[in-house]
Amino acid sequence: QVQLVESGGGLVQAGGSLRLSCAASGIVFSTYAMAWFRQAPGKEREFVAGLNSSGGSRYYAESVKGRFTISRDNGKKTVYLQMSSLRPEDTAVYYCAADLWGLGTAVLTSYEYWGQGSQVTVSS
């Protein structure tokens with residue numbers, strides 16, 4: 001059974017930082033591209049950041065470039081999203097996703113597995 005379990009969300013003031021983690025089980029983690037998406041109330045789910053199976057190629061949404069960093073530890077089967085300089089508009093439920101042999105790009109339909117989501121709330 002495949003599971004992606006996010007953690008690390010919470011409430012933070014604008015300008016603050018959070019680190020999200022996503023622990024995978026039931027998959028050969030090192031063969032999957034991983035990504036983070038987010039969905040704010042009343043909005044479509046959108047791509048935040050992604051990376052390929054080795055972590056050598058990374059992609060970011062323009063809105064988070066320079067503030068967020070995605071990384072992975074294949075030994076721990078975990079992907080991370082370090083978020084800094086947070087803004088109220090970053091408030092959303094954050095989801096991790098896995099794509100077998102993928103590139104980690106923004107194509108939502110490429111991802112076979114999804115986590116349950118972690119709420120991030122940024123207060124002004």
Side-chain angles (χ1 to χ4, degrees):
Q1 181 183 359
V2 177
Q3 282 193 309
L4 300 177
V5 180
E6 299 99 336
S7 61
L11 174 64
V12 64
Q13 288 189 329
S17 299
L18 280 175
R19 188 177 82 154
L20 300 180
S21 301
C22 172
S25 60
I27 58 173
V28 181
F29 186 74
S30 60
T31 64
Y32 281 77
M34 299 297 295
W36 289 93
F37 289 77
R38 66 187 182 187
Q39 189 166 18
K43 294 189 175 182
E44 299 280 320
R45 191 169 297 190
E46 64 175 5
F47 175 79
V48 175
L51 74 178
N52 66 351
S53 57
S54 68
S57 296
R58 306 183 189 197
Y59 305 90
Y60 294 94
E62 285 296 323
S63 59
V64 307
K65 275 184 183 177
R67 301 188 298 122
F68 290 11
T69 301
I70 189 170
S71 62
R72 66 189 295 158
D73 185 332
N74 284 351
K76 294 183 178 180
K77 299 183 180 181
T78 300
V79 61
Y80 304 96
L81 186 68
Q82 178 67 49
M83 304 183 291
S84 303
S85 302
L86 283 160
R87 305 167 181 167
E89 53 264 40
D90 294 318
T91 295
V93 177
Y94 283 71
Y95 298 90
C96 70
D99 177 14
L100 180 62
W101 298 120
L103 298 175
T105 59
V107 181
L108 187 148
T109 54
S110 298
Y111 293 87
E112 294 96 340
Y113 300 111
W114 293 82
Q116 82 289 350
S118 182
Q119 177 70 48
V120 172
T121 303
V122 184
S123 63
S124 57

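- With T105 contributing its side chain and L103 its backbone, the two residues share no donor-acceptor pair below 3.5 Å.
- Smallest separation of non-hydrogen atoms from A35 and F47: CB-CE1, 4.2 Å.
- With rounding to the nearest 0.5 angstrom, the CZ atom of R72 is 10.0 Å from the SG atom of C22.
- Under the 4.5 Å side-chain heavy-atom criterion for Ile, Leu, Val, Met, Phe, Trp and Tyr, V107 and Y59 are members of distinct hydrophobic clusters.
- Interatomic distance, OG of S53 versus OH of Y32, reported as 11.5 Å (0.5 Å rounding).
- Scored by the salt bridge (Lys or Arg N to Asp or Glu O under 4.0 Å) test, E89 finds no partners at all (sequence neighbours excluded).
- No chain of hydrophobic side-chain contacts below 4.5 Å, direct or via other Ile, Leu, Val, Met, Phe, Trp or Tyr residues, connects V93 to W36.
- Taking 4.5 Å as the limit, every side-chain heavy atom of R38 sits out of range of all side-chain heavy atoms of T91.
- Judged as a salt bridge (charged side-chain N to carboxylate O under 4.0 Å, His left out), not a single pair has a partner in residues 103-121 (not counting sequence neighbours).
- Taking both residues in full, the closest heavy atoms of I70 and R58 are given as O-NH1, 2.7 Å, listed atom of the first, atom of the second, then distance.
- Under the 3.5 Å distance criterion, the side-chain polar atoms of E6 are matched with a main-chain donor or acceptor of G117.
- Hydrophobic cluster membership is shared by L81 and L86, with clusters built from Ile, Leu, Val, Met, Phe, Trp and Tyr side chains linked at under 4.5 angstrom.
- Checked by atom type and distance alone, the side chain of N52 pairs as donor or acceptor with a backbone atom of S57 at under 3.5 Å.
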- Check the pair V64 / M83 against side-chain contact (heavy atoms from CB on, under 4.5 Å), numbers first and verdict last. CA-CA 9 Å; V64 307; M83 304 183 291; over 6 Å; no
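- Ring centroids of Y111 and F37 are separated by less than 6.0 Å, placing the two rings close together.
- In terms of heavy-atom proximity, F29 sits nearest to D73 at CE2-O, 3.9 Å.
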- Query: Can you check side-chain contact (heavy atoms from CB on, under 4.5 Å) on T69 and Y60, steps first, answer last?
  - Reply: CA-CA 8 Å; T69 301; Y60 294 94; 3.8 Å; yes
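- Going from atom OG1 of T31 over to atom CG of D99 covers 10.0 Å, rounded to the nearest 0.5 Å.
- Considering CG of L20 and OG of S118, their distance stands at 5.5 Å, rounded to 0.5 Å.
- Linking ILVMFWY side-chain heavy atoms closer than 4.5 Å, directly or via other members, places V48 and L108 in two distinct hydrophobic clusters.
- Classified by interplanar angle (parallel below 30°, tilted 30° to 60°, perpendicular above 60°), the ring pair W114/Y95 is perpendicular.
- Closest heavy-atom contact between Q116 and V5: OE1-CA, 3.8 Å.
- For the residue pair G9 and V120, the shortest heavy atom distance occurs at CA-CG2, 4.2 Å.
- Judged as a salt bridge (Lys or Arg N to Asp or Glu O under 4.0 Å), and not counting sequence neighbours, E44 has no contacts.
- In the hydrophobic cluster analysis, where Ile, Leu, Val, Met, Phe, Trp and Tyr join through side-chain heavy atoms closer than 4.5 angstrom, L4 is grouped together with W101.
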- Can Q82 and S17 be said to form a side-chain contact (heavy atoms from CB on, under 4.5 Å), step by step? CA-CA 8 Å; Q82 178 67 49; S17 299; 4.1 Å; yes
- Task: Would you check, one step at a time, whether the test side-chain contact (heavy atoms from CB on, under 4.5 Å) holds for S21 with K76?
- Result: CA-CA 11 Å; S21 301; K76 294 183 178 180; over 6 Å; no
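- Residue I27 comes nearest to A98 through the heavy atom pair CD1-CB, 4.3 Å, listed as atom of the first residue, atom of the second, then distance.
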